[in-house]
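Computed over heavy atoms, backbone and side chain alike; hydrogens, waters and symmetry mates excluded.
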Amino acid sequence: MKNFPIVCVGGSAGGLDAYIRLLKSMPADMGVAIVIVNHITLMPTRLHEVLPPYTTMPVELITDNLEIAPDRVFIIPANRDLHVEDGVFHLKPISKPRGWPDVITVFLKSLTTYWDGKLIAVIVSGYDGDGAAALRGIKEVGGITIAQKPDTAAQPDMPESAIDSGCVDLVLSPEDIPREIVRIAQREEDTPANPR
């Protein structure tokens with residue numbers, strides 16, 4: 001059964017800086033899957049080409065039916081909604097083709113319904129408020145929500161919208177986020193599935 005933690009890192013404008021700072025501080029063997037949901041719609045993403053130098057984890061562009069695995073970084077392709085079911089990713093046509101996309105919200109809502117493991121939602125630099133609407137649901141299933149400290153973000157709109165939702169557990173700089181992820185992942189390992 002797929003029950004390792006998933007970390008969704010959602011961002012857009014200025015997000016690259018946050019992703020790099022976060023990955024450089026992140027151990028490669030935490031036992032979590034990192035999913036970067038960057039809401040670019042107008043051009044193909046290059047993050048799977050740009051980010052590998054900053055982590056020893058494999059970095060993959062998500063394809064339909066790709067199996068979710070720990071200790072990997074997965075990148076959403078542009079102009080697609082991302083869902084999970086039965087331990088694999090599913091790509092669908094973007095449901096909001098005009099205006100600000102809500103791909104982070106769509107993915108987080110899918111996780112709350114179809115993922116058995118711990119959920120960690122991280123909202124970093126970006127315009128608008130994508131992701132904020134799904135944070136309450138993450139908390140309701142026992143997940144942890146983190147926003148990038150606005151004064152460390154190139155574009156603070158998205159982290160500020162997340163904080164304004166009243167559903168953010170921690171507000172941290174990108175360099176401090178991995179420490180919390182490690183702590184949460186280790187807590188999962190220390191909890192036996194069948195207590196003796």
Side-chain angles (χ1 to χ4, degrees), residues 2 4-84 87-97 100-108 110-111 115 119-128 130-131 146-148 152-159 162 172-179 181-182 185:
K2 302 261 182 182
F4 49 84
I6 283 186
V7 179
C8 170
V9 184
S12 68
L16 177 60
D17 170 67
Y19 309 144
I20 289 171
R21 289 163 64 190
L22 201 141
L23 288 175
K24 282 167 81 173
S25 304
M26 197 171 276
D29 57 353
M30 296 184 297
V32 306
I34 311 289
V35 185
I36 294 180
V37 182
N38 196 58
H39 76 193
I40 296 176
T41 54
L42 300 176
M43 63 186 93
T45 183
R46 303 264 322 278
L47 288 174
H48 58 297
E49 299 167 4
V50 174
L51 293 175
Y54 303 102
T55 177
T56 55
M57 289 183 274
V59 178
E60 275 183 84
L61 186 65
I62 294 167
T63 53
D64 202 35
N65 293 313
L66 178 67
E67 189 172 338
I68 305 167
D71 300 326
R72 289 179 176 274
V73 180
F74 297 99
I75 310 290
I76 188 174
N79 225 22
R80 290 285 181 273
D81 274 350
L82 181 61
H83 299 261
V84 296
V88 298
F89 290 113
H90 294 288
L91 293 170
K92 298 188 179 175
I94 199 159
S95 56
K96 193 179 170 193
W100 291 106
D102 60 355
V103 291
I104 302 166
T105 296
V106 166
F107 180 58
L108 290 175
S110 179
L111 285 175
W115 191 256
L119 300 178
I120 304 167
V122 180
I123 305 296
V124 299
S125 177
Y127 286 115
D128 197 43
D130 193 6
I146 302 172
Q148 180 177 359
T152 70
Q155 179 45 252
D157 287 12
M158 259 166 60
L172 300 168
S173 68
E175 292 79 6
D176 292 333
I177 292 169
R179 192 178 311 127
I181 294 171
V182 168

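- Panel note: side chain D71, backbone A33; no donor-acceptor pair is recorded below 3.5 Å.
- When every heavy atom of Q148 is checked against every heavy atom of P174, the shortest pair comes out as NE2-CG, 3.4 Å.
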#### Entry: Test side chain to side chain contact (heavy atoms under 4.5 Å, CB included) applied to H90 and V84, step by step
CA-CA 6 Å; H90 294 288; V84 296; over 6 Å; no
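- Using cut-offs of 30° and 60° on the angle between ring planes, the pair F89 and F107 is tilted.
- Between the CD1 atom in I94 and the CG atom in N79 there is a gap of 5.0 Å [rounded to 0.5 Å].
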### Task
Let me see the working for T152 and R21 under side chain to side chain contact (heavy atoms under 4.5 Å, CB included), right down to the final yes or no.
CA-CA 11 Å; T152 70; R21 289 163 64 190; 3.8 Å; yes
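- Here the options are V59, V122, I75, the test is side-chain contact (heavy atoms from CB on, under 4.5 Å), and the partner is I36; only I75 passes.
- Put simply, the side chain of E60 does not reach to within 4.5 Å of the side chain of V73, judged on heavy atoms.
- If you take CZ on F74 and CD on E67, they are separated by 8.5 Å, rounding to the nearest 0.5 Å.
- Between the side chain of T105 and the main chain of D130, no donor-acceptor pair closer than 3.5 Å is present.
- Within the 3.5 Å criterion, the main-chain N or O of V103 finds no donor-acceptor partner in the side chain of D81.
- Side-chain atoms of V7 and I34, non-hydrogen and from C-beta on, do get closer than 4.5 Å to each other.
- Judged purely by atom type and a 3.5 angstrom limit, Q155 has no side-chain atom pairing as donor or acceptor with the backbone of G14.
- Nearest heavy-atom pair, V106 versus S95, reported as atom, atom and distance to 0.1 Å: CG2-OG, 4.1 Å.
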### Task
With side chain to side chain contact (heavy atoms under 4.5 Å, CB included) as the test, would you mind laying out the steps for L16 and L51 before giving the verdict?
CA-CA 9 Å; L16 177 60; L51 293 175; 3.9 Å; yes
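- Expressed to the nearest 0.5 Å, how far CD1 of I20 lies from OG of S25 amounts to 11.5 Å.
- The shortest non-hydrogen separation linking T45 to A78 is N-CB, 4.1 Å.
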### Task
For the pair V35 and I68, evaluate side chain to side chain contact (heavy atoms under 4.5 Å, CB included) and give the outcome as yes or no after the intermediate values.
CA-CA 9 Å; V35 185; I68 305 167; 5.7 Å; no
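- Contact detail for G10 and Y19: the closest heavy-atom pair is C-OH, 4.4 Å.
- Between P27 and V182 the shortest side-chain heavy-atom distance falls below 4.5 Å.
- Interatomic distance, CG of L108 versus CH2 of W115, reported as 14.0 Å (0.5 Å rounding).
- The nearest pair of heavy atoms linking C8 to I104 is SG-CG2, 4.5 Å.
- Note that CD1 of I181 is 11.5 Å distant from CG of D176, once rounded to the nearest 0.5 Å.
- In this structure, CD1 on I76 lies 9.0 Å from CG on N38, to the nearest 0.5 angstrom.
- With a 4.5 Å cut-off on side-chain heavy atoms, L82 and S110 do not count as touching.
- In this structure, P159 and G126 approach most closely via the heavy-atom pair CD-N, 4.3 Å.
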